[in-house]
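Below you'll find the structure, written out as structure tokens, and then a few comments.
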Amino acid sequence: MYALVDCNNFYVSCERLFNPQWEKKPVIVLSNNDGCAVARSEEAKAIGIKMGAPEFMIKDMIREHGIVVRSSNYTLYGDISGRVMRTLSTFVPRIELYSIDEAFLDLHDMPHYDLQQLALKIKRVVGQCVGIPVSIGVAPTKTLAKMANRYAKKNMRDIGVFYPQTEEQMYAMLQFTAVEDIWGVGGQYAAMLRSNGFNTAADLRNAPDDWIRQHMTVVGERLLSELRGIAAIEWEFETPKKKNICTSRSFGKLLTEKKDIREALSTYASRCAEKLRKQDSCCKTVHVFLHTNGFRTQDKQYSVAIDIKVERATNDTGTIVKYASKALDIIFKEGFNYVKCGCIVMDLVPADCIQNTLFGSNDNTKRKKLMKAVDGINKATGVKDTVRMAVQGFSKVYAMRCDYLSKRFTTNINEIKLIK
DNA sequence: TCTGGGGTCCTAGGACCC
DNA sequence: TCTGGGGTCCTAGGACCC
């Protein structure tokens with residue numbers, strides 16, 4: 001059996017943790033750059049704030065209803081997430097971290113009759129120890145556990161837990177779940193399924209295998225199996241290493257100057273290098289992209305990307321920043337209002353088996369030590385660019401907007417909550 | 001004025017090989 | 001009129017997730 005534990009309106013719940021006066025009030029959290037609403041309290045949903053609604057388009061609603069608005073504070077959410085996950089780990093032998101606010105728990109060795117009680121207990125303890133409300137779904141496959149979780153949220157709000165134990169309960173859940181609300185079915189497949197008469201998970205469960213195979217490939221085949229209670233999606237207990245690592249941001253304002261974009265890009269490239277070192281990988285390709293704002297129809301548009309193969313797989317900040325900078329020199333064109341750029345490091349290989357180059361010095365012991373020192377200092381200060389490449393600069397003209405940012409209550413000594 | 005960021009998997013089709 | 005068979009590797013694009 002699987003349990004899927006999902007934190008309710010996670011970012012909003014994190015914000016409320018340190019501002020309990022926002023309980024029962026409509027609260028939303030915005031995406032980077034204060035762009036769109038990405039988390040909404042139940043009250044905000046009730047008012048009609050849609051997922052992904054651009055902030056500037058819901059200004060009136062925000063004012064009228066006195067909605068509390070927050071900028072994204074990933075430092076805070078990441079720390080609270082860690083606390084939730086550690087608490088969950090105390091209940092079961094194995095846990096799969098699925099996202100910042102979700103985890104699958106392995107219940108296979110738990111006494112079968114007790115699972116409902118166990119789920120209730122987990123929910124209660126997470127509430128007591130961390131203060132974050134969660135919902136829990138229990139079922140024989142991951143897809144059904146996700147579905148049970150959603151059912152708990154929608155239909156059993158006060159209990160917050162759902163474990164379909166009879167055929168009738170299972171059928172009620174499948175019947176209740178529209179195809180577009182199934183994990184793994186997005187907008188495209190949902191439209192295709194509905195136009196062929198499959199409207200709910202109950203319909204889909206009975207779909208002919210070969211038809212599904214033909215229209216939804218092997219992904220659909222697995223989905224069908226999962227709906228029928230036979231697990232087709234495996235556990236992933238240890239987080240696999242990333243195959244690509246991307247750092248990109250929209251700029252806080254439109255940029256036209258190459259030097260400003262270079263500062264931004266260098267910062268993103270150096271962040272990529274850090275992430276590489278964190279998972280002990282090196283990259284063989286640096287990919288850089290840059291584009292204008294497609295929403296601004298009055299502007300000339302330009303969107304461009306380039307791959308650069310590196311001579312020798314690397315995770316050295318200076319080297320990756322240099323390649324990214326070279327890429328920018330190739331793709332940048334004067335005369336455009338740029339809105340976003342990013343760096344993606346690709347073709348990752350383990351750091352301990354790097355192919356040396358035939359010519360030139362392959363001894364980079366000093367650079368490795370330097371990077372280790374840089375990472376150490378930046379970690380100790382809690383500020384990622386305490387030590388940075390000169391080219392990253394100090395102007396920060398590209399910096400994101402975040403007008404409603406909370407303190408980093410749990411990770412920065414200068415920002416802890418004052419009681420009195 | 002103002003519209004997020006970071007990933008994965010799968011397939012079809014082209015390039016290339018013998 | 002008629003133009004082989006079989007295989008691998010790579011990439012772009014589409015679908016999905018949070």
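Sequence lines set the chain letters: A, B, ... in the order given, protein chains first and strands last, and positions in each chain run from 1.
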Discussion item. From CE of A:M85 over to P of C:dC18, roughly how many Å is that when rounded to an integer?
Written reply: 13 Å
Worksheet entry | Euclidean distance, atom NZ of residue A:K142 to atom C1' of C:dC16 [Å, nearest integer] | 15 Å
Practice prompt. Give DNA chain B the dot-bracket treatment, 5' to 3': Watson-Crick (N1-N3 with N6-O4 or O6-N4) or G-U (N1-O2, O6-N3) under 3.5 Å, [ ] crossing, | other strand.
Written response: ....||||||||||||||
Fill in: Quiz item: cation-pi between A:R388 and A:F394, 6.0 Å / 45°
yes
Discussion item. Can you tell me how far apart CG (A:N73) and OG1 (A:T411) are? Round to the nearest 0.5 Å.
Written reply: 7.5 Å
Worksheet item: Out of curiosity, A:K340 NZ to A:L255 CG, how far, rounded to the nearest 0.5 Å?
Response: 14.0 Å
Item to complete: Determine the contact category for A:I182: base if any of its heavy atoms lies under 4.0 Å from a base atom, sugar-phosphate if only primed atoms, P, OP1 or OP2 are that close, otherwise nothing.
Response: sugar-phosphate
Item to complete: Going by the side-chain contact (heavy atoms from CB on, under 4.5 Å) test, name the single residue among A:M147, A:K146, A:R150 that passes it with A:W183.
Response: A:K146
Practice prompt. Write out all pairs satisfying ring-ring contact (aromatic ring centres under 6.0 Å, His included) with one or both partners inside residues 192-234 of chain A, taking only residues at least two apart or from two chains.
Written response: A:F198-A:W211, A:W211-A:H215
Practice prompt. Take the protein atom NZ of A:K241 and the nucleotide atom C1' of B:dG7, then report the distance between them rounded to whole Å.
Written response: 17 Å
Item to complete: Write down the distance between CG (A:L97) and P (B:dG7), rounded to a whole number of angstrom.
Response: 16 Å
Discussion item. Let me confirm one number: the CZ-OG1 distance from A:F176 to A:T200, rounded to the nearest 0.5 Å.
Written reply: 11.5 Å
Item to complete: Take atom CZ of A:R150 and atom P of C:dC17, then tell me their distance rounded to the nearest Å.
Response: 12 Å
Practice prompt. Nearest whole angstrom, please: distance from the P of C:dC17 to the CG of A:D101.
Written response: 15 Å
Worksheet item: Are A:Y151 and A:Y163 close enough that their ring centers fall under 6.0 Å?
Response: no
For residues 60-67 of chain A, run the donor-acceptor check on the side chains, cut-off 3.5 Å, and write out each pair with its distance to 0.1 Å, sequence neighbours left out.
residue : atom : partner : partner atom : Å
A:D60   : OD1  : A:R63   : NH2          : 3.1
A:H65   : ND1  : A:M61   : O            : 3.2

Practice prompt. First locate atom CZ of A:R70, then atom CG of A:L405, and finally report the distance between them rounded to the nearest 0.5 Å.
Written response: 7.5 Å
Worksheet item: So what does A:R271 touch, heavy atoms closer than 4.0 Å: a base, only the sugar-phosphate, or nothing?
Response: nothing
Item to complete: Measure the spacing between CD1 of A:I330 and CG of A:L290 and express it to the nearest 0.5 Å.
Response: 13.0 Å
Worksheet item: Can you list every ring-ring contact (aromatic ring centres under 6.0 Å, His included) pair that touches residues 242-297 of chain A, not counting sequence neighbours?
Response: none
Practice prompt. May I have the distance from A:R40 (atom CZ) to C:dC18 (atom C1'), rounded to whole angstrom?
Written response: 14 Å
Discussion item. Please give the distance between the C1' atoms of C:dG4 and B:dC17 as a whole number of Å.
Written reply: 15 Å
Discussion item. Base contacts versus sugar-phosphate-only contacts with protein, heavy atoms under 4.0 Å: please encode nucleotides 1-6 of chain B as B, S and - from 5' to 3'.
Written reply: SBBSSS
Could you go over nucleotides 9-15 of chain C and give all protein N or O partners under 3.5 Å, atom names and distances?
none

